[in-house]
Amino acid sequence: MKDKADFNIISEILNLKKEKNAIILAHYYQTGDIQDIADFVGDSLALSQKAASNNADIILFAGVRFMAETAKILSPSKKVLLPDMDAGCSLADSCKEKDFKKFIEENTGRTVITYVNTNIEIKALSDIICTSSNAVQIIESLPPGEKILFGPDRNMGNYILSKTGRDMVVWNGSCHVHEEFSLEAILKIKDENPDAKIIVHPECELPVRLVADFIGSTSALLKFTKTDSARIYIVGTEPGIIHQMKKESPSKNFIPAPPKDSACGCSECNFMKLITVVKIYKCLRDEKPEILIDKNILRKAYTPIRRMMEISEKLGL
Ligand code: 13P
Ligand code: SF4
């Protein structure tokens with residue numbers, strides 16, 4: 001049960017949302033209390049789609065910076081707030097503009113497809129953006145002979161490569177959370193729970209993906225646990241998603257995949273977890289920190305995101 005202080009801050013947030021015509025968009029990796037006050041909880045694609053079509057004046061993003069930037073790019077006339085500007089992403093940071101430009105120059109003649117987990121400068125250098133929900137389908141929608149350059153996630157890139165067999169060069173970036181899962185510890189849990197299914201995000205390393213019963217984006221993992229007949233799941237992605245899994249399937253058990261270092265707690269995304277209910281309250285009250293983007297770069301980054309949105313719409317994603 002929530003204590004009185006929590007209850008007050010939550011009702012204040014709800015009042016502020018109404019008063020300011022604001023909505024809260026939250027990613028599945030947020031804590032359960034944040035997911036429960038959000039107007040919409042989703043994966044990167046669904047959050048982008050929601051950011052592009054809503055009637056709010058203010059979007060408060062409970063997620064990380066690249067997600068809030070994408071919302072601003074899609075809804076430039078709205079005020080987009082991010083409760084903590086330090087909510088970055090190790091994957092986005094593994095791809096710096098200068099180095100990525102050089103990579104493109106070394107691989108000319110390739111269509112540049114980047115995962116949405118990038119800083120805005122990388123989006124501006126891209127032809128099409130994708131998320132884990134539509135990456136395989138977007139690449140398959142291109143003519144079979146088209147040469148592709150993919151970044152920044154090497155695991156996601158290799159996963160797409162294994163699914164599509166396309167001519168693809170892949171940037172060598174990664175997410176510190178998804179590379180932390182221990183194959184050994186996952187197999188130990190599986191040994192103790194032989195009926196459990198292993199479900200993982202495509203950002204996980206190959207050995208972990210190889211033992212998985214199902215691989216997918218956060219929303220695909222959630223959908224799988226709803227429709228699949230197993231009773232126990234070993235979940236190889238950030239454990240925030242388990243809040244929705246439990247809500248959707250209360251009689252099932254979900255075991256977070258353990259990290260290699262059992263003492264570090266690093267299967268949690270420290271960037272996502274910078275957002276708190278208190279910061280959301282202050283951010284909505286003061287209408288800051290706000291995402292502000294230079295018009296030129298915003299325009300450049302809009303085109304590849306728009307292409308993703310159009311292809312996704314056409315494919316019914
Ligand atoms: P999804 O788009 O699958 O929600 O993934 C976002 C993310 O940051 C994965 O680490
Ligand atoms: Fe970035 Fe990894 Fe956190 Fe996702 S889980 S936001 S890819 S650091």
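All values below come from the heavy atoms of this structure, side chains included, with hydrogens, waters and symmetry mates left out. Order of listing sets the numbers, starting from 1, for every ligand and every atom in it.
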Under 4.0 Å from a heavy atom of Glu203: give me the atoms of ligand 1 that qualify, with their elements.
-> 7 (C), 9 (C), 10 (O)
Name the closest protein heavy atom to atom 5 (O) of ligand 1, giving the residue it belongs to and the distance to 0.1 Å.
-> His201 NE2, 3.4 Å
Ligand 1 to Ser217, heavy atom cutoff 4.0 Å, flagged ligand atoms 3 (O)
Min heavy-atom dist Thr131 to ligand 1 below 4.0 Å | no
Residue pair Asn155 / Glu179, side-chain donor-acceptor N/O under 3.5 Å | yes
Please report the C-alpha distance between Ile199 and Asp228 in whole Å, then the side-chain angles of each, then the deciding distance to 0.1 Å, and finally whether the side-chain contact (heavy atoms from CB on, under 4.5 Å) criterion is met.
-> CA-CA 11 Å; Ile199 58 170; Asp228 180 66; over 6 Å; no
Is the Phe100 ring parallel, tilted or perpendicular to the Trp171 ring (thresholds 30°, 60°)?
-> perpendicular
Given that the side chain starts at C-beta and the backbone is N, CA, C, O, which of these parts of Tyr29 lies under 4.0 Å from ligand 1, counting heavy atoms, or is it both or neither?
-> side chain
Please identify each residue that fulfils side-chain hydrogen bond (donor to acceptor under 3.5 Å, both in side chains) with Asp86, with sequence neighbours left out.
-> none
Between Asn117 and ligand 1, find which residue part has any heavy-atom pair under 4.0 Å and reply side chain, backbone, both or neither.
-> side chain
So Thr237 and Tyr29, side chain to side chain donor-acceptor pair (under 3.5 Å) or not? Walk me through it.
-> CA-CA 9 Å; Thr237 193; Tyr29 295 165; 2.6 Å; yes
Can you say whether the rings of Phe271 and His176 are parallel (under 30°), tilted (30 to 60°) or perpendicular (over 60°)?
-> perpendicular
For side-chain contact (heavy atoms from CB on, under 4.5 Å), just list the numbers for His201 and Met156, CA-CA rounded to whole Å, side-chain angles, deciding distance to a tenth of an Å, and then say yes or no.
-> CA-CA 9 Å; His201 197 276; Met156 171 72 76; 4.3 Å; yes
So does Lys101 pair up with Glu121, basic N to acidic O under 4.0 Å?
-> no
Mind running side-chain contact (heavy atoms from CB on, under 4.5 Å) on Ile37 and Asp33 for me, showing each step along the way?
-> CA-CA 7 Å; Ile37 52 165; Asp33 52 355; over 6 Å; no
Residue selection (non-hydrogen contact nearest atom 3 (O) of ligand 1) among Gly240, Cys89, Ser132 | Ser132
Taking the minimum heavy-atom distance to atom 6 (C) of ligand 1, which of Ser133, Ser44, Ala135 ranks first?
-> Ser44
Result for side chain to side chain donor-acceptor pair (under 3.5 Å) between Gln35 and one of His243, Gln244, Gln30, Lys247 points to Gln244
Quick one: are Ile234 and Asn193 in side-chain contact, heavy atoms under 4.5 Å?
-> no
Applying salt bridge (Lys or Arg N to Asp or Glu O under 4.0 Å) between Asp84 and each of Lys273, Arg65, Lys279, report the one that passes.
-> Lys279
Please determine if His27 has a nitrogen or oxygen closer than 3.5 Å to a nitrogen or oxygen of ligand 1.
-> yes
Among the heavy atoms of Glu203, does any lie under 4.0 Å from an atom of ligand 2?
-> yes
Please confirm whether His178 comes under 4.0 Å of ligand 1, counting heavy atoms of the residue only.
-> yes
Glu238 heavy atom under 4.0 Å from ligand 1 | no
With atom 3 (Fe) of ligand 2 as the centre, enumerate protein N/O/S atoms below 2.8 Å in chain and residue order.
-> Cys269 SG
